[in-house]
Amino acid sequence: METKLPPASTPTSPSSPGLSPVPPPDKVDGFSRRSLRRARPRRSHSSSQFRYQSNQQELTPLPLLKDVPASELHELLSRKLAQCGVMFDFLDCVADLKGKEVKRAALNELVECVGSTRGVLIEPVYPDIIRMISVNIFRTLPPSENPEFDPEEDEPNLEPSWPHLQLVYEFFLRFLESPDFQPSVAKRYVDQKFVLMLLELFDSEDPREREYLKTILHRVYGKFLGLRAYIRKQCSHIFLRFIYELEHFNGVAELLEILGSIINGFALPLKTEHKQFLVRVLIPLHSVKSLSVFHAQLAYCVVQFLEKDATLTEHVIRGLLKYWPKTCTQKEVMFLGEMEEILDVIEPSQFVKIQEPLFKQVARCVSSPHFQVAERALYFWNNEYILSLIEDNCHTVLPAVFGTLYQVSKEHWNQTIVSLIYNVLKTFMEMNGKLFDELTASYKLEKQQEQQKARERQELWQGLEELRLRRLQGTQGAKEAPLQRLPPPVATSGGQS
Amino acid sequence: MAGAAGPGTGPVAAGGDGDDSLYPIAVLIDELRNEDVQLRLNSIKKLSTIALALGVERTRTELLPFLTDTIYDEDEVLLALAEQLGNFTGLVGGPDFAHCLLPPLESLATVEETVVRDKAVESLRQISQEHTPIALEAHFVPLVKRLASGDWFTSRTSACGLFSVCYPRASNAVKAEIRQHFRSLCSDDTPMVRRAAASKLGEFAKVLELDSVKSEIVPLFTNLASDEQDSVRLLAVEACVSIAQLLSQEDLEALVMPTLRQAAEDKSWRVRYMVADKFSELQKAVGPKITLNDLIPAFQNLLKDCEAEVRAAAAHKVKELCENLPPEGRETIIMNQILPFIKELVSDTNQHVKSALASVIMGLSTILGKENTIEHLLPLFLAQLKDECPEVRLNIISNLDCVNEVIGIRQLSQSLLPAIVELAEDAKWRVRLAIIEYMPLLAGQLGVQFFDEKLNSLCMAWLVDHVYAIREAATNNLMKLVKKFGTEWAQNTIVPKVLVMASDPNYLHRMTTLFCINALSEACGQEITTKQMLPIVLKMAGDQVANVRFNVAKSLQKIGPILDTDALQEEVKPILQKLGQDEDVDVKYFAQEALSAVAQRLRKLDFPAKDSEEPSAPGADKNHFLRPRGPGEDTGKFVPLMSRHTQSERLGWFPRRQ
C-alpha cells in the first residue's frame, strides 16, 4: 500500500515561500458543507383492497350477542359476520368513522364469543365465517414503497387497516383453536386455494401480520391432514421462486420457522420427498443475498434434518461448500456458525467423509483478510467435540490446513488472529508432534513444487496456444474466419495421422 | 485474431504430427479438474483451444464424454461451459456431428442455477439451427421431449425455450407431439414451469400454423391469463401481443379481447401494470378499431388506477398512444378522451406518476399543434415547472425542444427561470448536474441577452460548487457556451471572472481556473489565450500547493499548441524548467512531460517545411523520442508511477498534501 499522505492535520511548509501568492487554506476542503440530507417524504400508502368498494351501505350497530336468546344467536351471528365483511378505507383516516367503529365492535364481540362460548360453532356458520375471513385478509399486497426494501435497514410499511385486520386474524386463530372446531366440516371451505392465498400473504411487509399468519398456518397444518403435503409443496415453490427468480419475499423466516416444527415431526425413515426438499430447496436457500434475515431459522431446519437422519450430513456439507460465499464476509461468518452447529451433532463416521474438503474451506476462511471471518473459523478449535474429531483424524485434517495456517501465522495483519493461530499450531504440536515436524519440514518443498506446477501449466497453455495458431494457419491459410468454426475435418485429421 | 499472420508460420505449420502425443487428454483433463476454481474456469474458457489441440475426433470421443460426466461443478464454471459449447459445432466436425454436443448441454439445462440453465438453452437454440432436419428429429426433438418430461422443474422450464426452434423444421407427426408437450407444460403443477411456458407462448404461437394457433394456443392463453398466480397471469399479457398480431379482427374480438379486457381490470396490480407497460405494443397489435372501442377506455382506467405504479406506467405511454392513433380524428380523441385524465395526473399525489408524465407530455404539443398547445397544454407545462419535485421540473426542461418547435420557448420563459434557478441550487448534486447539461440548449433557445441577464451568474456559481463533478460539468458548460456565443462574448463576460479565481484562498478554486483555461483556450483562440490566460497560469506556477503546480504544468502542455513560438520559448519554457526542478515528484513529472511536448512543438515551428501536424516520417518521429530530453530525465523511471498519477488526477479535488 502506498502511504504517501502525510498526516492531514499538520501542513508542511512550502519549499519556496517567497513565490507563494496565496495564503494557506485554513481547512482541508474549504467548502461549506450544506446539509444535504432532507427527510424523504413518505408516500401515502395505498392498498389494493378498496378498489371495488365505492358506494357501500351504512353500518348500524346490531344487538349484542350475549343479549339475545339462544334460538336467535346463530341468525344474529351470521348478520354480524356479514357486517364484518364490509371493507373500509383506512388511508383516509377520517372517512366513515362510525362504520369503522361498528365493525370494530362487532369483530371484538366475535373474537370474544368464539373464544369463550361453547356451542357457537355449528355447521351452518362455517361458510359465513370463512367468507368473512377471506374478504378481509385476502388482498393483493400493494407494491412496496421502497423497491430496494432491506428488511434489516428499512422501516417496514405497516398495514393501514391493521385495527380491523388484527381482530380478523385474532378471530381466525380463536376459531381454529376452539374446542368446538371441527376440521372435517371446515375442510370444505379451507381448501387448497384458500391455503395458497394464505401463503401469498406471507409476503406482507408488516411483521405483525406475518406473526399472525405464522401461528395460523401452523394450526392449519396441524388440523387439516389433507392439506399438509400441499402446504409443503407450495412452501417449496415459494422458496424456489425466491431463490431463482425474485430474491424477494418477506415471509421466508416465518415459513422456515413453521417448517422447522414440521421437520421436527417427520416420521423415520425420512421420505424421499423430504430429503429432496432439504437438498434442492433448503441448501440452495443459503445462496440468497438476504440470508441474514432468515439464517437462524434455516440453520435450525438443517440441523433438525441431520438429527433425524445422519446420513444426510455429507449432502448438506458438500452443498454448503458449493454455495460458500465468495465475496460477502458477513454471510461467510453465518456459514461458519452453521457449520459449527452441524459439527456439533455430526457422527464421527460422517465426519470422515467430508473432513478434507471441509477443512480446506476452513483453512481458506482462516486466511481471509477479514479478521471476523478468520476469527470465527479459528473458534472451531475451541469446541471440544470438534477438537476431538480433529484429533481422531489428524492425519487427514492436519495436512489439509497446515500449509495455510503456517503461512497466515506469518502474514496476517491482525495480531489477535496471529496469536489464535499460534494456539492452534500449538494444539497440533501437542496432538501429534511427529506429524507436525514432518509437515513443517515438507512445507518449503511443497511451496517449490507449487511454483514448479504453475510454471508447467504456463508452458502447457503456451504450447496449446501455439498449436492453435499453427492449426489455424495450416488449415486456413490467409482466409479469415471466426476461430471456432474452424478446422474442417479433412485437414485436421490429416494432421493427426 | 484471425489476422495474426505474423510469427510461427513457415515449415512447421503443416507438420503437426507430434502435437497430439504432446497433449494427452489426461493432462488437459487435469487442467479442467484443477482444485482452484479460478484455474478451472480459465481452462474452461479456453476449451476451444483444448478441442483444437485434440482434433475433432478426440474431442468427440474423449473430451465431450468427460464434460458430460463431470457436470457437477461451481455454477460459474458451468456457465462458461454452457457458453462455450454453443460455438463448438466446428470443433466437433461440423453440422454432421452437432448432435454430439447435446448430451452435455442437456445436463446443463437441468441444473438449478437459472443463469446456467438459460445459457445452456441459448446454446441449444443456437446448435439446433446447425442440425439437419433428419438429425433434428433423431437427436434434438427427443432431447426436448426428455427435458419436457423431466421430474424436476428445472428441466421442464428449460424445455419451454426449445419448442419454437425445432417446431418449424419437424414433420407433421412430430409437430403434433411437440404441441402436446407444450400444452402439458402450460398446465404444469409448478408455477415456475407455467411461468416459463407463458413467457414462451407468444414465441411459440408465431411458428405455429394459424389453425393450431386458434385451436390450441388461444385456449392455453386463456387458461394462463386466468391462472391462480398473478406472476403467471402477467406473462400472458406479453404473449397477447404476439398472438394478437396473428389473428384477424373478428377472431381477435372473439378469442382474445375478452381475456385482455379482463387483464386490464385484474385484481392484482402487477397484471394491470403489465397491461399499461405493454400498451403501445398491444395497441399496434389489435389495430385502430379495437383500440378505439376497447383500449382507450381501458387506458383511462389505468390512468386513474388506485396504484401509483400502474398510473406511472400508463403515464409513460401517453405520448406513444397518441402518436399511434390514426391521424384522422386523432385530435378529437385526444382532446376529449385523454386530456381530461392527463390534467388530473398533473396534480397526482405521487411524484413518480408526475415525473413519468412530465417526461412525455411535451411530446403532445407536436401532435396537437400550436393553438391547442397554447390553450390546453401550456397551463400544464407551467404547473409542472412549479412542481415541488425536482425530477418533474427537470423532465419538463429536458424536453423543451419539442415545445420550442411548436410555440417557441418565450411563452415559457417567465416560468422557466424560477424553475431553473431552483434546480440550479437543489441540494442533490445529481439534479444540479442534470440542469447544467441543459444549459447550452437553453442558452441557444433563450438567446444571449436573456442568458447574460438571468443565467450567467448561475453558470459562474457552479464553478465553485462543493462537488467536483459539478465544477467539472460547469467547466465543460462554459466551453460549450463560448462555442455558441463567440469569443468576444467570452472575453467580456466569462474570462475575467474565471481569472479572478486564480487568487482565491481555496486551492480547489484556483485549480478550477486552470481547468477552465484548459477547456476554454481552444475556443477562445490565440490572442486571448496568450494575453489574458497565459500570464495567470504562469503566475500560478509559484503556488504553494503541489496539486496546483502540477496542474499548471498540465495546463501549459494543454494550451501549448495554441501559443506561438515566442510565448513558448520566452515564457512557458523557463517556467516549466523551473517546475522540472520542483521538490515534489509529481510536479517534476508533469513538468517534464509538458516540457517535452513543448520542445516537440517548438521544433515543428522551427521547420516550417514540415508544418503539418503529423510527423512526416515514422523514422523522424522516432528520432525525436531518442533525443536526450534533459538532465536526469528518464522516461523509464517514471512509468511505474503512472497508475498513481492517474489516480491523483481522478481524485483531483483530494488534498494530496498541504
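Reckoned from all heavy atoms, side chains included, excluding hydrogens, waters and symmetry mates. Numbers restart at 1 for each chain; the letters A, B, ... are given by sequence-line order, proteins then strands. Keep in mind that this is a model prediction, so the values were computed, not measured.
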Would you give the length of the straight line joining atom CG of A/L460 to atom CD of A/E465, rounded to the nearest 0.5 angstrom? 11.5 Å
Between CG on residue B/D543 and OH on residue B/Y507, distance to nearest 0.5 Å: 10.5 Å
Any donor-acceptor N/O pair, [X] side chain to [Y] backbone, under 3.5 Å:
| X | Y | result |
| --- | --- | --- |
| B/R471 | B/D465 | yes |
| B/W269 | A/L141 | yes |
| A/R139 | A/I137 | yes |

Quick one: do the A/R364 and A/Q361 side chains pair a donor with an acceptor below 3.5 Å? yes
Would you tell me whether B/N87 and B/Q126 have side-chain atoms, one donor and one acceptor, within less than 3.5 Å of each other? yes
Among A/K360, A/Q234, A/E466, single out the residue with the greatest number of heavy-atom pairs under 4.5 Å to chain B. A/K360
Counting heavy-atom pairs closer than 4.5 Å to chain B, which one of A/K233, A/K193, A/M197 comes out on top? A/K233
Residues B/D584, B/R549: salt bridge by 4.0 Å N-O rule: no
Note: B/E112-A/R280 ion pair, threshold 4.0 Å (strictly below): yes
Toward chain B, the part of A/K326 with a non-hydrogen atom under 4.5 Å: side chain
Below 4.5 Å from any heavy atom of chain B, which atoms of A/E200 appear? Answer side chain, backbone, both or neither. side chain
Against chain B, residues from residues 238-246 of chain A with at least one heavy atom under 4.5 Å, in numeric order, are A/L240, A/R241, A/Y244, A/E245
Toward chain A, the part of [X] with a non-hydrogen atom under 4.5 Å:
| X | answer |
| --- | --- |
| B/D189 | both |
| B/Y273 | neither |
| B/T154 | neither |

